[in-house]
There are 2 protein chains.
Amino acid sequence: MAKSTYTISELANEFGVTTRTIRFYEEKGLIHPRREGQKRLYSPADRVRIKLILRGKRIGMSLQESVELIDMYKPGHNNRDQLHSLIRTVQDRRARLLRQKQDIEDMLAGLDEVQALCERGLEDQQ
Amino acid sequence: MAKSTYTISELANEFGVTTRTIRFYEEKGLIHPRREGQKRLYSPADRVRIKLILRGKRIGMSLQESVELIDMYKPGHNNRDQLHSLIRTVQDRRARLLRQKQDIEDMLAGLDEVQALCERGLEDQQ
DNA sequence: CCAGACGTTTACGTTAACGTCAACTTGGTC
DNA sequence: GACCAAGTTGACGTTAACGTAAACGTCTGG
């Protein structure tokens, strides 16, 4: 079963980052772990938040962009204008993501070509 | 028909970057346009190279990573060891790209959810 | 001829995202 | 009580990827 609290080094190990990184995220206001005396204690929600931030980083998003995307989930958008505005933001993000996806597929196709050339090169030698 | 040479500002405009960016790429050894006197003249090949570098940037690759990927295409890998080594590099890259692609698909699914929530919120109001 | 657009080099400035100490506290354990 | 691992708070350092400004050449239309 999943743990209900994590220490900073547990999370650092799990995600392959340093504790400095996690403290830095707090310093930047991305996460707000509670404290037990001095020590930070991370909830499952904190953990997921870090995980999502790192997912964003993997596709080249800045930390700010990541949290903006993450915070689209949390409610608090009540009136019509806010909802319409949020929908537009969602569509912009989607467009960018689709383009990135296309970029990746193009690169994957390129890699297939390179590999095919390599394999032909090996066969021709033998 | 496609042009056979480009000025720096033509390319900067086409790609939505500044001339400083393009000069910076040269300074870093990523491109090598020929000169006409002082002025830089870019070939279609230079142009494609810049385009691919910017494609890499869009999915979070560093400039170095981009050129490494681009230079996998150019031949010069002749002996078996080089070919095998290149194949491994290709497979590593592919793995990373597949993961990024998965990340993007997850985010897209998340955006769909957010939008659905927004639309329900709007309907509930009316 | 000269102003404006476009190009050049050189050099210092900036931002994000941490790395890297140093100097300390705190909780077990031998 | 001494020690060690794991935690803490500053604070300064670093790298990538440009931005920005100065100071200068070149050529083209009015």
Side-chain angles (χ1 to χ4, degrees), chain A residues 3-43 46-47 49-71 93 96 100 103, chain B residues 3-43 46-47 49-71 93 96 100 103:
Chain A
K3 301 190 54 172
S4 77
T5 63
Y6 307 84
T7 71
I8 193 169
S9 53
E10 278 171 352
L11 292 183
N13 282 323
E14 176 178 0
F15 294 127
V17 300
T18 68
T19 59
R20 173 69 176 102
T21 297
I22 297 182
R23 281 191 210 99
F24 176 74
Y25 290 170
E26 182 178 354
E27 193 180 322
K28 288 281 155 175
L30 309 186
I31 42 180
H32 309 281
R34 58 178 228 277
R35 300 290 181 118
E36 191 176 56
Q38 282 274 77
K39 313 238 167 141
R40 294 165 171 85
L41 274 190
Y42 297 85
S43 71
D46 292 327
R47 177 179 165 279
R49 206 171 161 80
I50 296 176
K51 190 170 188 164
L52 294 183
I53 294 171
L54 296 175
R55 183 184 69 178
K57 272 196 52 179
R58 282 199 296 274
I59 63 157
M61 296 174 62
S62 74
L63 299 180
Q64 284 309 320
E65 285 174 326
S66 279
V67 297
E68 283 168 24
L69 194 123
I70 293 169
D71 290 345
R93 271 274 153 230
R96 289 183 48 183
Q100 288 181 288
D103 286 334
Chain B
K3 301 190 54 173
S4 76
T5 63
Y6 308 85
T7 71
I8 193 168
S9 52
E10 278 171 352
L11 292 183
N13 283 323
E14 176 178 0
F15 294 128
V17 300
T18 68
T19 59
R20 172 68 176 104
T21 297
I22 297 182
R23 283 192 209 99
F24 176 74
Y25 290 171
E26 182 179 353
E27 192 179 322
K28 287 282 156 175
L30 310 186
I31 42 180
H32 309 283
R34 58 178 226 277
R35 301 291 181 118
E36 192 175 56
Q38 281 274 79
K39 313 235 167 145
R40 293 165 171 84
L41 275 190
Y42 297 86
S43 71
D46 292 327
R47 177 178 164 278
R49 208 172 160 81
I50 296 176
K51 188 171 192 166
L52 295 183
I53 293 172
L54 295 175
R55 184 183 69 179
K57 271 196 54 177
R58 282 199 297 273
I59 63 158
M61 296 175 63
S62 73
L63 300 180
Q64 283 309 319
E65 286 174 326
S66 278
V67 297
E68 283 168 24
L69 194 122
I70 293 169
D71 289 345
R93 271 273 152 232
R96 289 182 49 182
Q100 288 181 289
D103 286 334

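Everything numeric here is computed off the predicted structure, so don't read it as measured data. Sequence lines set the chain letters: A, B, ... in the order given, protein chains first and strands last, and positions in each chain run from 1.
Proximity of a side-chain donor or acceptor of B/Ser9 to a complementary backbone N or O of B/Ala12 within less than 3.5 Å is not detected.
Results of the side-chain contact (heavy atoms from CB on, under 4.5 Å) test with B/Tyr42 over B/Arg34, B/Glu26, B/His32, B/Arg47 single out B/Glu26 as the only residue that passes. Results of the side-chain contact (heavy atoms from CB on, under 4.5 Å) test with A/Thr19 over A/Asn13, A/Leu11, A/Ile8 single out A/Ile8 as the only residue that passes.
Rounded to whole Å, atom P of D/dT26 lies 16 Å from atom CG of B/Leu41. The separation between A/Glu27 atom CD and C/dG19 atom C1' is 13 Å, rounded to whole Å. A straight line from CD of B/Glu36 to P of C/dC6 spans 17 Å, rounded to a whole angstrom. A/Glu26 has its CD atom 13 Å from the C1' atom of D/dG7, to the nearest Å. The CG-C1' distance, from B/Asn13 to C/dG7, rounds to 14 Å in whole Å.
Where B/Leu54 and A/Ile8 each meet DNA chain D at their nearest nucleotide, the meeting point lying more 5' is that of A/Ile8.
Distances shown here put a side-chain N or O of A/Thr18 below 4.0 Å from the OP1 or OP2 atom of C/dG19. Between A/Thr21 and C/dG19 there is a side-chain polar atom (N or O) within less than 4.0 angstrom of OP1 or OP2. Taking 4.0 angstrom as the limit, A/Thr7 places a side-chain polar atom (N or O) nearer than this to OP1 or OP2 of D/dG7. Between A/Arg35 and D/dT9, a side-chain N or O to OP1/OP2 separation shorter than 4.0 Å is present. Between B/Arg23 and the phosphate of C/dT8, there is a side-chain N or O to OP1/OP2 separation shorter than 4.0 Å.
Residues forming a salt bridge (Lys or Arg N to Asp or Glu O under 4.0 Å) with A/Lys3 (at least two apart in sequence, or on another chain): A/Glu10.
In this structure, B/Arg49 and B/Leu52 have side chains that are not in contact, with every pair of non-hydrogen atoms separated by 4.5 Å or more.
Candidate nucleotides D/dG7, C/dT9, D/dT8 were compared by shortest atom distance to the side chain of A/Ser9, and D/dG7 ranks first.
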Can you name the atoms? Protein N/O to nucleotides 15-17 of chain C N/O, anything below 3.5 Å, with the distance.
unit_1: C/dA17; atom_1: OP1; unit_2: A/Leu63; atom_2: N; d: 2.9

Mind listing the N/O atom pairs, protein and nucleotides 21-25 of chain D, below 3.5 Å?
none

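A salt bridge is defined here as a Lys NZ or Arg NE, NH1 or NH2 lying under 4.0 Å from an Asp or Glu carboxylate O, and A/Lys51 with A/Glu14 fails to meet this definition.
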